[in-house]
Amino acid sequence: MRVLLVGGGGREHALALGLVGDPSVEGVIAAPGNPGIAGIAELREVAAADPSAVAALAVEVQADLVVIGPEAPLVAGVADAVRAKGIAAFGPSAEAARLEGSKTFAKEIMTAAGVPTARAHTCTDAESTARALDEFGAPYVVKNDGLAAGKGVVVTEDRDAALAHAQECGRVVVEEYLAGPEVSLFVVTDGEAALPLLPAQDFKRVGDGDSGPNTGGMGAYAPLPWAPPGLVDEVMRDVVHPTLAEMRRRGTPFAGLLYVGLALTTAGPRVIEFNARFGDPETQVVLALLETPLAGLLHAAATGTLAAHPPLRWRDGAAVTVVVAADGYPASPRTGDVITGADRAGIIHAGTRRAADGALLSAGGRVLCGTATGPDLAAAQDAAYALVRGVELAGSHHRTDIAAAAVEGRIAVPD
Ligand code: AMP
């Protein structure tokens, strides 16, 4: 099978590694890809969020499957345009991608499907925002209603900061704060059948001990030694299947990757958010542990044959990824710095580019990540940090506590 992979971040590098490891894949073409992906796939230029450009490229490269990594192309309708050419696409239609593209729409679906989530109000002016903030109380949670590349959410004790964020965004969802450990669950679905991947945990705040502003994600690990045994079954029953059924009922089935972000609260699991694609950086750790060939799995979801797919197989042990971020990230990342030490297995490129002279340069906020597996979480953590220590990038920073609380048994799930 020939696979066209759309995107060029760390998630796509991890997807590319999984796709080339599938014996049924004879070639991966990544568009636009990145210097890390360049080592394992052919790169093509494309405007990733332009449906007709991606569909034309899929035809030109004779793709049997198009895997769409990021949310913006999905929301723009890239999967629809590819399917209109008769080519299988892994990723939801534009209509179904609204589960991620609009927080208000996601809340509407959750309410209709009876899915447990935070109570919320959509607000467009200062007065209604203030009322909603006071109804729910501190800590305040204010979310940009549209796509914001993982940076549209402010969680704060400071009411003025919450109001200021709402004013900057225009249309926001103000919601009740959910306390409890967070879990990311990826579910591969063809709209009806659904296969959960291993639950993972990511680290949204920029600093150790969950300090500082939210980011796109500073690291992740899987599996979760502290997760209650029935968690995945419960989430499939109470969240995933009701959501998929509601999307079918509306005539806009969701096929692709449903990312369920959860908080395990005293009242049970509550949905924090849905995404319509693989999460970054959790993909790096989840796919590092997946033994089942990736392209076959995604092709089954893209062609409505997931019910006939064999059960997923997983490697023993654990995986950890640690993100190396540019100076100034997340507020104003500096780019164009030289990176050395990145040319090793386990280094996944997220925001890099090649200079004309061949030097590797930083080209984004999250620059790369060190991803490693090990027989247990502590071993995987050591190996991931060893990778990160080998990278040199002026002014870069990373968290030093990725997976630490889990390794030390400090995560408690409320009864
Ligand atoms: P989101 O983009 O919706 O995932 O939000 C980013 C991060 O903000 C989440 O991973 C949580 O850490 C935090 N967050 C979002 N919504 C809530 C909430 N209702 N209660 C507590 N934390 C939240």
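Note that ligands are numbered from 1 as they come in the structure, with each ligand's atoms numbered from 1 the same way.
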Below 4.0 angstrom, N of the basic side chain to O of the carboxylate: do Arg250 and Glu108 qualify?
-> yes
Does the distance from a Lys or Arg side-chain N to an Asp or Glu carboxylate O, for Lys143 and Glu273, drop under 4.0 Å?
-> no
Could an N or O of ligand 1 be found under 3.5 Å from any N or O of Val141, whether backbone or side chain?
-> no
Under 4.0 Å, heavy atoms only, figure out whether ligand 1 is touched by the backbone of Asp202, its side chain, both or neither.
-> neither
So is Arg205 close enough to ligand 1, meaning a heavy atom under 4.0 angstrom away?
-> no
Any idea which of Gln201, Lys204, Glu182 brings a heavy atom closest to atom 11 (C) of ligand 1?
-> Glu182
What about Tyr177: any of its N or O atoms under 3.5 Å from an N or O on ligand 1?
-> no
In ligand 1, which numbered atoms sit nearer than 4.0 Å to a non-hydrogen atom of Asn214?
-> 7 (C), 8 (O)
Purely on distance, is any nitrogen or oxygen of Lys103 under 3.5 Å from one on ligand 1?
-> yes
Test the Arg11-Phe278 pair against the cation-pi criterion, namely NZ or CZ under 6.0 angstrom from the six-membered ring centroid and within 45° of the ring axis.
-> no
Cationic N near anionic O, under 4.0 Å, Asp210 to Arg399 = yes
For a quick test of your reading: what N or O donor-acceptor pairs under 3.5 Å do the side chains of residues 133-140 make, sequence neighbours left out?
{"from": "Asp134", "atom 1": "OD1", "to": "Arg159", "atom 2": "NE", "distance (Å)": "2.9"}
{"from": "Asp134", "atom 1": "OD2", "to": "Arg159", "atom 2": "NH2", "distance (Å)": "3.0"}
{"from": "Glu135", "atom 1": "OE1", "to": "His121", "atom 2": "NE2", "distance (Å)": "2.8"}
{"from": "Glu135", "atom 1": "OE2", "to": "His121", "atom 2": "NE2", "distance (Å)": "3.4"}

Could you tell me whether a side-chain N or O of Asp22 sits under 3.5 Å from a main-chain N or O of Ala295, the two making a donor and an acceptor?
-> yes
Identify, by atom number and element, the atoms of ligand 1 in contact range of Glu175, meaning under 4.0 Å from any of its heavy atoms.
-> 16 (N), 17 (C), 18 (C), 19 (N)
